[in-house]
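Since the model is a prediction, treat every value here as computed from it, not as a measurement.
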Amino acid sequence: MREDNHPGEGPEPAKVNERETATVAFIIDFGALGNSADYKLAGWQEPEAGFTWTLGTQSSFKFPRPEQAGCYALELHVSPFVWKDRLAAQRLFVSVNGEEVENFTVEREDIILCEIPWPVLELRSACMVEFALPDSAQPVQINGVPDSRSIALAFHELRLVRLPEPLHERPEATPWPASVSGANQASQSGRYPALPPSGEALAGMMMRFESLGEDCEFGLVQRRCGAEPLGLLRFSSSPLPKLIAAMEAKFEGLGKPDMIKVELASNGREYMVLDKRFGLYYHAWVMAGEKSPEEVHARECRRLPFLAGKLLEDLQSGEKLFVYRGMKPLAESDMLKLAATMRTFGPTTLLWVEVADADHESGSVEEVSAGLLRGNIERFAPPNNAHDFDLDAWIGICHNAEALRRTLKSFVG
């Protein structure tokens, strides 16, 4: 598999010279005997001797924010999965704390320096790094090697270094790749105002929303639009009473080992996770045979507290639009209670989506009260096919919700 993924004789040492006077804050070793398990979140294969492959098109990890302000960079020692002319390179898009910072094209084993401005690092006490890997592929389909894993980059080592001065003037980052073609088809129907002009802009818009449940539909909408934000409840079954109770408890106790149950889904093909503390039930996105139940359990014990903390920080900042749609019609009084619970953390905005009726036109978004918007959709995906959603309608509702929130803020301001 790797016989062609590093055609030279290893990374060029010249790139390391750029940090000769730099200070190393920490090192992550991705080998089987390394410490990467303390930092990895989602999107990684099992560690091997000296490296860990990424899994799929999105990988993420977390690390504590440095105590000392300054100019920092990630030093990434990686090897790409490439094969002759069929797959000549792997693209890598790097986002830190939700901000796009750098993008690279990796053609051979290399050491990459990715600069991170301090204003981006100081956004969170636990910093989150996300890698978008649009060229991830299965070796069996590229070179015939009997390996069906979707891989892009093998990570050997990662260092966070403090630099004496910036590496260069920062260019404008290339937006994250989107998987939607004809992304603004909804605007052509005349049902909504003009939408973002490209797939990249659409993916960026969808990254500014976060699903609170009750099911996976909006998370799948984001995926169709090329957006893969990390979210605690993005693919969770979170009925309203359980969600409110969890928020009121500030998700305390979520992720405790004795409160997590890993089991096979009814189809017998993938793992599901039950949080016994609050009754949340969600996809692990791990197929049977890829990991053992014990490995999934250990991952969730690390992952859940981090994602709960991230959600609480997002509620406090009030920057994101949170989305909730029920599995059955919900009363306005119930949604007012959820919105009020959310606003105990900060100036949040909740987008409640319901099926349109005679009084609520499909595609419209209206203010119900401070911090609560109602969006109206022609239909939701049927229970037996979560992927059969109305993409154009969801795009229009999200676009209109952002526009309405901007208008309401201008009146307040």
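- Residue pairs meeting the salt bridge (Lys or Arg N to Asp or Glu O under 4.0 Å) criterion with at least one partner in residues 235-255, sequence neighbours excluded, do not occur; the list is empty.
- Within 6.0 Å of NZ on K261 lie no more than 12 heavy atoms contributed by other residues, nucleotides or ligands.
- Inter-residue side-chain proximity for M335 and L338 is flagged as met; some heavy-atom pair is nearer than 4.5 Å.
- Within 6.0 Å of atom CD in E361, 12 or fewer heavy atoms from other residues, nucleotides or ligands are found, so the atom counts as exposed in its surroundings.
- No side-chain heavy atom of V161 sits less than 4.5 Å from a side-chain heavy atom of T23.
- For Y39, the ring pair (Phe, Tyr, Trp, His ring centres under 6.0 Å) criterion is met by F26, not counting sequence neighbours.
- By the side-chain contact (heavy atoms from CB on, under 4.5 Å) test, D29 is found to be paired with N35, residues two or more places apart in sequence or in another chain being considered.
- Evaluation of the ring-ring contact (aromatic ring centres under 6.0 Å, His included) test over residues 224-270, restricted to residues two or more places apart or in two chains, returns F235-W285.
- Note that the CD atom of E210 and the CZ atom of F218 stand 10.0 Å from one another [nearest 0.5 Å].
- Side-chain contact check for P229 versus R234: some heavy-atom pair is nearer than 4.5 Å.
- A donor-acceptor contact under 3.5 angstrom links the side chains of Q138 and Q141, judged on distance only.
- Between W394 and E217, the side chains place a donor N or O and an acceptor N or O closer than 3.5 Å (distance only, hydrogens not considered).
- With sequence neighbours left out, F380 forms a ring pair (Phe, Tyr, Trp, His ring centres under 6.0 Å) with no residue at all.
- Every residue meeting the side-chain contact (heavy atoms from CB on, under 4.5 Å) condition with S59, not counting sequence neighbours, appears here in chain and number order: W44, T54, F131, L133.
- Distance NE2/H360 to CD1/I377: 15.0 Å, rounded to 0.5 Å.
- When all heavy atoms of L336 and S369 are compared, the pair lying nearest together is CD2-OG, 3.2 Å.
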